[in-house]
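Below you'll find the structure, written out as structure tokens, and then a few comments.
When a ligand or atom number is given, it counts from 1 through the structure's own listing order.
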Amino acid sequence: MNKRSFLKQMAAFGFASPFLFQDLDHWVGQVAHQNPEETAHDEEFWARVRSGYRLKPDYINLESGYYCIQPQETLENFIHHVREVNYQGSYYMRTVQWDNKRYIHEQLADIAGCTADELVVTRNTTESLDLIIGGFPWQEGDEAVMAEQDYGAMLDMFDLQALRHGIVCKRVSIPNHPASDEEIVELYANAITPRTRLLMVCHMVNITGHVLPIRKICDMAHERGVEVMVDGAHAFGHLVYNIPDLGCDYYGSSLHKWLSVPLGAGLLYVRRDKIPHIWPLYAEREVNLEEDDIRRLNHIGTHPVHTDLAIGNAIEYYRVLGPERKEARLRYLQRYWTSQLRDTPGIVINTPADEQRSCAIANVGIEGMRPGQLSSRLLKEYRIWTVAIDRVGVQGCRITPNVFTTTRELDVFVEALTEMAKDG
Ligand SMILES: Cc1ncc(COP(=O)(O)O)c(C=O)c1O
């Protein structure tokens, strides 16, 4: 389906989207002759992209890691959907709700490179991964491997399975600057024993932005009979990849992060042959779904269907902007500031320098300064909004620019860090 016919299809179901990203389409047309790396430093183009956002003038927002705000047109479409669902009442739910959901699944699957039958929309990464951790057929003594740098909610969910089913959770610690992919693969391989059943790994470590060699980890684990669940909270809509190419069994992400969907949307991918393997946490027996129907795992009841519709608009924005163009710009922005600070005395970059091991997100600290002090000085003295990270070998602020970030804003950030590091 081409990029416009999806919205036409939705319109046919009574769901027009009044905002169609026509300006963006026009601006993209003007840089169509450039490759993504060239466009990455075309400040005029990105200033136009920025004009599609409403940005709070009180601070420079370098904290898109929590979630990514929506461009105005996605937001307006979302508000339109809220109004329309309210206007139609249960008529919408009883007529086209599921057809529209199916279209959204197909469009998401298209970006994810999988089939619509292997993917469901959830509320967020936490829900996606917890459905797998909680529904996994654990037996007492089974082992699971994960990392100290993984997200707390998932670590807690594994700990809960330890209490409930008597599983053993083993945690590795990921170095901030590995010498090679093999160093990381080896780390996980060393934690595997004959009792290991499931390995969880972050596609992009949230506190440092470190991109891990997922395919190699999956291949290694599968050779040892271990299944792999990937926490892709920060990767979807950020990096360009196909989920099946990663070789994992399960993959979860939050669509309100890099796809810029309204808050409260995620995706869960389950490799088709693994679907019957997972216990549904919410039973769905009435409609007699086949064992390998992924909807078995996702009977969530009545939910904000207007958000589902806005996923379609966010996908549209992403496609018009261009996934490769977006990834190249995000990587350019990160490298723009890290390359200026990496060798500055007193400054510690907690993110690998290798291009392929990071994209938008990086983490920076100042020797002798607590991360909380750094983030609060950045806000108070320089009006820069970031988040402090102070755990598991990472002391610094996570810096996350977005497509609306300008290099001028990053100059202010670089000057601030240089000044603070000089002060000691
Ligand atoms: C690596 C990682 N996993 C999972 C999550 C949880 O995301 P959500 O709160 O959207 O479920 C986050 C949130 O930042 C994260 O960084």
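- Ring-plane geometry between Trp138 and Phe158 is classed as perpendicular, the angle between the planes exceeding 60 degrees on a 0 to 90 degree scale with a lower cut at 30.
- The two atoms that bring Val120 and His105 nearest to each other are CA-NE2, 3.8 Å, heavy atoms only.
- Considering CD1 of Ile243 and OH of Tyr241, their distance stands at 5.5 Å, rounded to 0.5 Å.
- Protein neighbours of ligand 1 below 4.0 Å, counting non-hydrogen atoms: Asn124, Thr125, Thr126, Tyr151, Met154, Cys202, Asn206, Asp231, Ala233, His234, Ser254, His256, Lys257.
- Taking the ring-ring contact (aromatic ring centres under 6.0 Å, His included) definition, one finds that Tyr53 meets it with Phe404, sequence neighbours left out.
- Remark: Glu43 engages Arg329 in a side chain to side chain donor-acceptor pair (under 3.5 Å) (not counting sequence neighbours).
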List the atom pairs, with distances to 0.1 Å, where a side-chain N or O of residues 164-173 and a protein N or O form a donor-acceptor pair under 3.5 Å, not counting sequence neighbours.
| residue | atom | partner | partner atom | Å |
| --- | --- | --- | --- | --- |
| Lys170 | NZ | Glu143 | OE1 | 3.4 |
| Arg171 | NH2 | Asp159 | OD2 | 3.3 |
| Ser173 | OG | Glu148 | OE1 | 3.4 |
| Ser173 | OG | Gln149 | NE2 | 3.1 |

